[in-house]
K.L.:
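Take a look at this one; I'll ask things after.
Throughout, a chain's letter reflects where its sequence line sits, starting with A, and its residues are numbered from 1.
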Amino acid sequence: DFTASEPKWLKIWETSQTGTPPAADSDKSPVFSMVIPPPNITGSLHMGHALDNVLPDYFVRHALMTGKHTLRVPGTDHAGIATQFVVEKNLKTKGIDRNSLSRQEFEVILKDWAQTTKSDILNQLVGLGCLFDFTRTRFTMDEMCSSAVFEAFSSLYKEGLIYKGPRIITWCTRCGSALSDLELEWEEKTGSLWHISYPIIGGDSIIVATTRPETMLGDSAVAVHPEDDRYKNLIGKKVTLPLVGREIPIIADYRVDKEFGTGAVKVTPAHDQLDWAIGQDHDLPLYQVIGENGRMTDQVPNRYFDATTSLARTQVVKDLEAQGLLIKEEKHKNSVGVCYRCSNIVEPLVSNQWFLRIAPLRDAALKAFERGEPRFYPENWGQIYYKWLSGLKDWCLSRQIIWGHRIPIWYCPGMTSTPPDAPSRINDTITGCPPICSQKKPISCPTCGKSGDFVQDTDVLDTWFSSGLWPMSVFGWPAKTVDFERFYPTSLMVTGYDILYLWVARMVMFGLHFTGKVPFKNVYLHGLIRDNKGRKMSKSLGNVVDPRGIQKEMGTDVLRFAMLQGAHPGRDMIASPDAFTGAKNFVTKVWNASRFIKLECEKAGSTPRSSLTHPSDFWIASSINATIAYMDEQMRELESANALRRLYDSFWGDFCDWYLEIAKLRLAQGPRDAVLGNLTALLERYLKLLQPAVPFVTHEIYENLKSLFHADRPLAACAWPEPLGVSTAQQETAAAWWATFCGIVTEIRTLRNDLGFAPKDTCNVSLSGIDDGTMKDAYLIEGLTHCKIVTDGVYGLAIRRPVLSGKAEVALLIDSGRDLSKEKQKLSLELTSTAGAIGRIQMNLANTAFTERAPKDILQKEIDRLAGLEKKRAKLADYLKQLDGVV
RNA sequence: GGGCACAUAGCUCAGCUGGUUAGAGCGACCGCCUUACACGCGGUAGGUCAGAGGUUCAAAUCCUCUUGUGCCCACCA
């Protein structure tokens, strides 16, 4: 029921501006700033988004507690193609065809969609309990971000880094737009490899192999490897292109693979990347035979005109066969590119598009990486990033869709050119006045002075263009704002490794180019969320876990803790329903333990002071100190999972299972104040350590106990705990006490279980080989094991067990009639394994290589161990003999 | 074709700058509704650390190879 308080805390964090840095001049604390990976406005948030936000929030909350001023900027991404695709689909269900709408009408619908979806997403982000500064919420198409986009485009344009021209690009015929190389996915398909005979003028023929026979209609050459002996003598001859009749040359190019197919390849510069490159170098003519609609153009013989590519393929094959030119058809596996959003098969074709010359940006990023910026977690992703950057080519910036930042280029009405809206983009060359780069419609042409109806380019920018500017644009760049000065570059970027290239690399390049600084010092790449079968989550598989479902059912803390506990940098994470069980149990445990302490303190009616007196106090203090040290170490490596596992163990395994149980007995026994004081003080520390992971439940507890804690602020604003003052000597004493105490208790419990004592039965135990200090705690041992420690008396049998390599001994005193077979078996098993261990050590010690070369401390350790084990073995043998006599 | 990662208990994963008899959670088994908690407590079982070599006094940990799995990149026409 503590989950009911979530809305209350969300409100308190918001109104108290927890996590929002104070005004710039008020304090000089170091700043920890982050920007959100802006979710697409395509729907609701899924598990990946939850991870994108919970993980950074853990670091933000931790940073806040360690005295930093934190800022995390929230926002959303307009997500060009993705959003338009979803909205089009949505319209379709209402029976509306997007093509029946004007650009303006469609824009209105898109804006409406953006408005509602945006607020849905932001609401969901709020619910995750992340410390965002919502007064700084941004959207990639809002005014601030748009002006950054314009500034970036125009300055790149002025530098000559942006150009427009016909190039081979990837085209999605469904979306009707160009795509960048990164927006492709590859699917393995089994198709055919056709061998086609091209007749050589002057006799003979050459056989080419192709997977796409329909593109032969656009061939402008046949290429062979210059050192291929089979074809050397044919280079320079001409062939007649079947079905078309065109004469095309046989050329030589090193990029041809002699081993593949027949070693001769048809060259279709307009519809293949490699052929384009060969065509460029050999100055081959272009024949655009496939149009942007995915059908054959008028560049082909009439009988194929307007056929779909697959229809044309069938027809071409049939016709070749009829002419006896089809030599063979063999099965062939190859990959086909599909659109990453709509999964439609894409066509490589030549189109007039806007490009960004990447070389200078890329080289700056490479140099930055060489001097260690940014630093990657996990480290190995840095190499992957570097390698990818090294081979990076120009970026196709333009998209032929509606939803996005329109290219800020205007055409002078006086210019003589194909208008930018022309149906085919191939010959869209501009003559006359150069285009004008301007955010608003120009009044007059700076070249010819004419005024009139300037036409804006119809294309919009790739959505990743604005995403790439995100860490700058959210702070108001290009304006020299206070925020920009203060928060840029950001401290840490957390995002999935799947968008390393699409996003992270581009942010780095833009950041360096425009500000000279890498936009973040560190990059944490998290893995993907998978289902319990290790599959990626997808709607079509129906295996999507909705974070809201978990939140509603078990609480946001459970969602957060489960994710944080499973998140290792760069590693995928399994999110099956029972992955949340452990987290749920833990959160409940925290709540219950706190409730116990609260109840006890209320009984006392005072606010007791903490003071460490009992060995158990020093022991638990050491446990917490070690936990804090370990957590700090792991946090430096951004290993939330390891940090939290340790905290989990300390809290549950040490504090709840042992310290609290001991405390109960101490409370019953004697002076309560110190015990209660310690319980509260320790709980407070745990709450602080837990807060970044499970803020709701810890805040609620802290609030409930605030009079005990003397709390004057929300938990999130408290300082990260320093280690408790425990001297080394105290720690060592406590550790020794703990080893004996825990050993005795555990052995007694085990004996009870093995001998079949009912939990309610009290049994008699005698202890030997222990010091007076431990004897003082006899009542604790009795309480924890439900036994009575006796020093005299007559019993039938003493079932004995060694503790700690035989230094101490417990004996369970029984009358008779118990089944001893289990105990015998256990003792002999332990005897065997002890003997084995002894044997190994003896062998080791007899080995001069070991005694000479091993470090002294290791050697001494082994000698001590051997002594202990031998003592233990003697006892075990003795016990066993005794038992054997009983039968 | 190139590269990266992973392979540890039935499942999900820690441990890996080499050094006790390899750990946790979930699941399984036995016993307990003990007044914070059955979302719990106590106990038990379960692993030749993928395989083969090598380095070393000593390898889950370092090196090499093999096998299997996942992912990324690539102009296999």
K.L.:
In terms of the nearest nucleotide of RNA chain B, which residue is placed more toward the 5' end: A:Tyr501 or A:Lys826?
P.N.:
A:Lys826

K.L.:
Answer yes or no: side-chain N or O of A:Lys664 and base N or O of B:A36 forming a donor-acceptor pair under 3.5 Å.
P.N.:
yes

K.L.:
Atom CD of A:Glu602 and atom P of B:U35: how far apart are they, to the nearest Å?
P.N.:
19 Å

K.L.:
Starting at CG of A:Leu284 and ending at P of B:C75, how long is that distance when rounded to a whole Å?
P.N.:
20 Å

K.L.:
Identify whether any heavy atom of A:His786 sits under 4.0 Å from a base atom; if not, whether one sits that close to sugar-phosphate; answer base, sugar-phosphate or nothing.
P.N.:
nothing

K.L.:
Cut-off 3.5 Å, side chains only: do A:Ser650 and A:Tyr686 have a donor facing an acceptor?
P.N.:
yes

K.L.:
Categorize A:Glu600 for me: base, sugar-phosphate, or nothing, with a 4.0 angstrom heavy-atom threshold over every strand shown.
P.N.:
nothing

K.L.:
May I ask you to say what A:Trp652 touches in the nucleic acid, namely base, sugar-phosphate or nothing, with a heavy-atom cut-off under 4.0 Å?
P.N.:
sugar-phosphate

K.L.:
In this structure, how many angstroms lie between the P atom of B:G25 and the CZ atom of A:Phe651, rounded?
P.N.:
15 Å

K.L.:
Base, sugar-phosphate or nothing for A:Leu869? Non-hydrogen atoms, less than 4.0 Å.
P.N.:
base

K.L.:
Does a side-chain N-to-carboxylate-O contact under 4.0 Å join A:Lys826 and A:Glu830?
P.N.:
no

K.L.:
At 4.0 Å (heavy atoms only), tell me whether A:Lys393 reaches a base, stays on the sugar-phosphate, or touches nothing.
P.N.:
sugar-phosphate

K.L.:
Ignoring hydrogens and angles, are the base of B:G42 and the side chain of A:Asn753 linked by a donor-acceptor pair under 3.5 Å?
P.N.:
yes

K.L.:
A:Asp754 has an atom CG; how far is it from atom C1' of B:C29, in whole Å?
P.N.:
14 Å

K.L.:
Does anything in residues 264-279 of chain A reach RNA chain B, meaning a heavy atom under 4.0 Å, and if so which residues?
P.N.:
A:Ala264, A:Val265, A:Leu274

K.L.:
B:C39 base to A:Lys589 side chain: any donor-acceptor pair below 3.5 Å?
P.N.:
no

K.L.:
Is it true that A:Ser180 and A:Glu183 share a donor-acceptor pair across their side chains at a distance under 3.5 Å?
P.N.:
yes

K.L.:
Rounded to the nearest Å, what distance is computed from the CZ atom of residue A:Arg167 to the P atom of nucleotide B:C75?
P.N.:
17 Å

K.L.:
Looking at A:Glu639 and B:A14, is any side-chain donor or acceptor paired with a base atom of the opposite kind under 3.5 Å?
P.N.:
no

K.L.:
Does anything in residues 741-762 of chain A pair up under ring-ring contact (aromatic ring centres under 6.0 Å, His included), and if so which pairs, sequence neighbours excluded?
P.N.:
A:Trp737-A:Phe741

K.L.:
Now, which nucleotide makes the Watson-Crick or G-U wobble pair with B:C39, with each of the two distances under 3.5 Å?
P.N.:
none

K.L.:
How far, in whole Å, is B:A38 from B:C49 if one measures between their P atoms?
P.N.:
40 Å

K.L.:
Using a 4.0 Å heavy-atom cut-off across all strands, classify A:Lys333 as base, sugar-phosphate, or nothing.
P.N.:
nothing

K.L.:
Using a 4.0 Å heavy-atom cut-off, does A:Arg752 contact any base of the nucleic acid, only the sugar-phosphate backbone, or nothing at all?
P.N.:
nothing

K.L.:
I'd like to know if A:Arg212 pairs up with A:Glu347 as an ion pair, taking the criterion as any Lys NZ or Arg NE/NH1/NH2 lying under 4.0 Å from an Asp or Glu carboxylate oxygen.
P.N.:
yes

K.L.:
Determine, for A:Asp181 against A:Lys393, whether the closest basic-nitrogen to carboxylate-oxygen distance falls under 4.0 angstrom.
P.N.:
no

K.L.:
Do NZ/NE/NH1/NH2 and the carboxylate oxygens of A:Glu600 and A:Arg672 come within less than 4.0 Å?
P.N.:
yes

